[in-house]
There are 2 protein chains.
Amino acid sequence: MATQEWSIQEIARVAGTTSRTLRHYDDVGLLAPSRVGSNGYRYYDQRCLVRLQRILLLRELGLGLPAIADVLDGERDSAAALAVHLEWLCQERDRIERQIASVTTTLRKLEGGEQIMATEAFDGFDHTQYKDEVIERWGKDAWERGDNWWRSLSDKDKREFQQRQYDIAADFAAAHKQGKAADSDDVQAIAQRQYDWIAIGWQGKRPTADEFVGLGQLYVDDPRFTAHYDRHGEGTAAFIRDAMATYAERTLR
Amino acid sequence: MATQEWSIQEIARVAGTTSRTLRHYDDVGLLAPSRVGSNGYRYYDQRCLVRLQRILLLRELGLGLPAIADVLDGERDSAAALAVHLEWLCQERDRIERQIASVTTTLRKLEGGEQIMATEAFDGFDHTQYKDEVIERWGKDAWERGDNWWRSLSDKDKREFQQRQYDIAADFAAAHKQGKAADSDDVQAIAQRQYDWIAIGWQGKRPTADEFVGLGQLYVDDPRFTAHYDRHGEGTAAFIRDAMATYAERTLR
DNA sequence: GCTTGACCTTGACGTAGCGTCAACTTCTAC
DNA sequence: GTAGAAGTTGACGCTACGTCAAGGTCAAGC
């Protein structure tokens with residue numbers, strides 16, 4: 001007979017799902033039983049089975065329940081719904097691919113013995129958060145010059161620029177840890193690299209002695225910079241400030 | 001000063017997140033403030049900021065909060081955690097890729113005007129050609145019951161009934177191709193569907209263990225059935241027979 | 001001293017799609 | 001009559017917060 005009926009468990013087994021899922025579909029209005037007994041039991045007929053199979057098919061394709069409802073109730077073309085969903089899936093895939101790439105490079109660095117938390121941290125470096133300070137200290141022209149330059153860089157160049165800074169900071173921290181003095185020749189050599197690095201960012205306009213000293217002081221005064229440098233070891237920011245001050249006095253005046 | 005402190009909003013801005021997130025990290029024990037004022041206000045110091053930046057870094061890589069806690073508290077190697085996570089990500093990517101492939105082929109079929117679901121079923125299935133065998137094996141009553149039921153179905157219902165069988169057979173073939181064992185859980189789940197499908201055709205008279213085993217054997221012995229099932233791949237009929245025999249022993253006895 | 005507004009607190013709901021008890025009733029079979 | 005299988009509704013759990021809601025705190029201006 002075409003008027004065949006199944007209990008909730010039976011239809012769940014037949015369709016390859018669970019009774020809980022069917023109750024859920026009933027709750028959200030996606031699939032109501034064809035009949036409900038006076039005892040509250042749910043019973044499903046052929047039409048329900050067909051609808052259920054369609055639901056499960058679309059679910060396997062990854063569609064959400066509201067989208068499935070729209071399709072099955074004819075309020076939305078299935079092709080259109082699937083096309084939208086496909087877009088979604090591709091974005092998700094891309095996102096995951098990017099994460100895989102990030103995790104892979106991080107793992108390689110870890111294997112190479114590098115401390116994590118370094119370059120990557122600077123990766124998400126948002127230079128615009130310093131906009132107001134830069135304008136206040138050095139003027140609007142300086143900001144715009146630097147901003148334009150930064151935007152002109154490729155991702156690779158940006159990373160390399162940051163990597164150089166990371167290496168310099170790491171060397172400062174190592175020297176500090178070894179007990180070297182901020183005015184020692186070794187440390188002053190690092191300060192020289194720091195000066196050159198800044199000159200690059202300033203687009204050739206080499207900092208004056210006062211500007212260089214002020215910048216070093218900023219590393220200590222501004223918590224964002226302090227946190228950044230102290231990541232290499234406590235007191236690194238202050239050590240760098242001292243080294244920069246010495247460099248300014250000895251070399252820039 | 002190294003003893004600098006920030007309010008919850010300040011540190012959130014510096015680190016590039018929200019105060020809500022910080023409260024959440026406090027709630028789950030991932031990052032407690034360094035100090036809590038008598039008014040209940042949270043205050044964070046340098047160490048907190050460093051830890052927060054590490055948390056956010058790992059989050060960007062997609063790690064979950066418990067995993068991050070394990071890494072930061074030194075209870076787990078960061079390389080190991082990332083390796084596990086990478087495995088995860090790859091599986092996710094594969095899953096999404098498969099969905100993309102499914103959706104794409106479905107879309108192509110829809111564009112080609114094919115009705116979803118109504119695929120290439122049992123072409124030209126003429127059940128009367130099995131009449132003699134059915135009567136011989138299960139009696140005249142069984143035949144007539146099944147015959148009447150089949151005739152009562154609409155074309156649509158017939159197609160759907162066949163479609164289900166087609167899907168089941170395809171799944172058997174896919175499992176076989178993947179090298180899964182006939183007595184594995186996955187394959188037994190398909191055998192369950194096969195059993196339910198037959199029960200529908202038998203109008204609720206569920207096959208006994210012996211009948212189910214005999215039916216499976218028939219798929220190999222009768223060249224018409226063998227050809228039908230082996231269309232999905234060579235050896236599929238024998239594979240199905242084995243799966244059905246195992247199902248009968250385990251579940252029906 | 002009072003108002004305004006910015007910032008802080010805890011508490012609780014919502015999210016996607018069910019899995020998983022829990023407590024209780026019904027049906028089926030011996 | 002009673003066990004056991006199967007049914008019901010309710011409600012919490014999961015991820016990582018976003019988003020009100022209701023109310024306390026603090027600095028600044030009048």
Side-chain angles (χ1 to χ4, degrees), chain A residues 5-44 48 52 55-70 72 81 84-85 88-89 92 95-96 99, chain B residues 5-44 48 52 55-70 72 81 85 88-89 92 95-96 99 196 204 206 251-252:
Chain A
E5 266 186 347
W6 299 278
S7 74
I8 194 166
Q9 288 251 22
E10 286 167 351
I11 201 176
R13 268 212 321 278
V14 166
T17 183
T18 69
S19 59
R20 176 66 179 92
T21 298
L22 288 164
R23 274 193 285 270
H24 183 58
Y25 290 168
D26 190 8
D27 287 345
V28 300
L30 182 57
L31 176 64
S34 55
R35 185 173 72 83
V36 177
S38 58
N39 49 14
Y41 282 26
R42 294 171 176 82
Y43 296 99
Y44 299 82
C48 292
L52 175 57
I55 291 171
L56 295 177
L57 180 85
L58 294 174
R59 274 256 55 202
E60 274 181 42
L61 295 179
L63 276 172
L65 299 190
I68 292 176
D70 286 348
L72 293 189
V84 169
H85 180 55
W88 218 104
L89 285 172
E92 266 300 288
R95 205 176 56 80
I96 299 216
Q99 281 204 347
Chain B
E5 266 186 348
W6 301 279
S7 73
I8 194 166
Q9 287 251 22
E10 286 168 351
I11 200 175
R13 269 211 317 278
V14 167
T17 182
T18 70
S19 59
R20 176 66 180 92
T21 297
L22 288 164
R23 273 193 285 271
H24 183 60
Y25 290 168
D26 189 9
D27 287 345
V28 300
L30 182 57
L31 176 65
S34 55
R35 187 172 71 84
V36 178
S38 58
N39 49 15
Y41 284 25
R42 294 172 176 82
Y43 297 99
Y44 298 82
C48 291
L52 175 57
I55 291 171
L56 295 177
L57 180 84
L58 293 174
R59 273 257 56 199
E60 273 181 43
L61 295 179
L63 276 169
L65 299 190
I68 293 176
D70 287 348
L72 292 188
H85 180 56
W88 217 103
L89 285 172
E92 266 299 289
R95 204 176 57 79
I96 301 229
Q99 281 203 348
D196 291 330
R206 303 182 76 80
T251 313
L252 302 180

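Below, chains carry the letters A, B, ... as their sequence lines are ordered, and counting in each starts from 1. All heavy atoms count here, side chains included; hydrogens, waters and symmetry mates do not. Bear in mind the structure is a predicted one, so any value in this text is a computation, not a measurement.
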(message) Taking the P atom in each of C:dA16 and D:dT9, what is the distance between them to the nearest angstrom?
(response) 23 Å

(request) Starting at atom CG of B:L58, determine the distance to atom C1' of D:dA16, rounded to an integer number of angstrom. (result) 15 Å

(request) Write down the distance between OH (A:Y44) and C1' (D:dG7), rounded to a whole number of angstrom. (result) 11 Å

(request) Look only at the side chain of B:T18 and the backbone of B:A12, and say whether a donor-acceptor pair between them is shorter than 3.5 Å. (result) no

(request) Starting from P on D:dT8, measure out to CZ on A:R35 and report it in whole angstrom. (result) 12 Å

(message) Using every non-hydrogen atom in the two residues, find where B:A81 and B:L63 come nearest and quote the distance to one decimal.
(response) O-CD2, 4.2 Å

(message) For the CZ atom of A:R23 and the OG1 atom of A:T21, what is their distance to the nearest 0.5 Å?
(response) 9.5 Å

(message) I need the CG-P distance between A:N39 and D:dA6, as an integer number of Å.
(response) 16 Å

(message) Restricting to non-hydrogen atoms, name the atom on B:I55 and the atom on B:Y25 that form the minimum distance, rounded to 0.1 Å.
(response) CG2-CE1, 3.8 Å

(request) Sticking with atom P, work out how far D:dT8 lies from C:dT15, rounded to a whole angstrom. (result) 25 Å

(message) Just to be sure I understand the rule, does A:G64 reach a base, reach only the sugar-phosphate, or reach nothing, if contact means heavy atoms closer than 4.0 Å?
(response) sugar-phosphate

(request) Quickly work out the A:Y43 OH to D:dG7 C1' distance and round it to whole Å. (result) 8 Å

(request) State plainly whether the residues B:R95 and B:E92 are in salt-bridge range, i.e. N to O under 4.0 Å. (result) yes

(message) Is the phosphate of D:dA5 approached by A:Q9 (side-chain N or O, under 4.0 Å from OP1 or OP2)?
(response) no

(request) Indicate the atoms forming the closest heavy-atom contact of B:L22 with B:I8, along with that distance. (result) CD1-O, 3.5 Å

(message) Any side-chain to backbone donor/acceptor pair from A:H85 onto A:L61? Under 3.5 Å, distance only.
(response) yes

(request) Find the distance B:Y41:OH to D:dG23:P and express it as a whole number of Å. (result) 16 Å

(request) Could you tell me the separation between the CD1 atom of A:I8 and the C1' atom of C:dC27, rounded to a whole number of Å? (result) 16 Å

(message) Taking 4.0 Å as the cut-off, does a side-chain nitrogen or oxygen of B:S7 come that near to OP1 or OP2 on C:dC7?
(response) no

(request) Return the value, rounded to whole Å, for the distance between atom CD1 of A:I11 and atom C1' of D:dG7. (result) 15 Å

(message) For B:S38 and B:L63, find the nucleotide of DNA chain D closest to each by heavy atoms; which residue's nucleotide sits nearer the 5' end?
(response) B:L63

(request) Strictly below 4.0 Å, heavy-atom distances to any atom of DNA chain D: list the hits from residues 16-29 of chain A, or just say none. (result) A:R20, A:R23

(request) Quote, to the nearest angstrom, the C1' distance that separates D:dC14 from C:dT10. (result) 23 Å

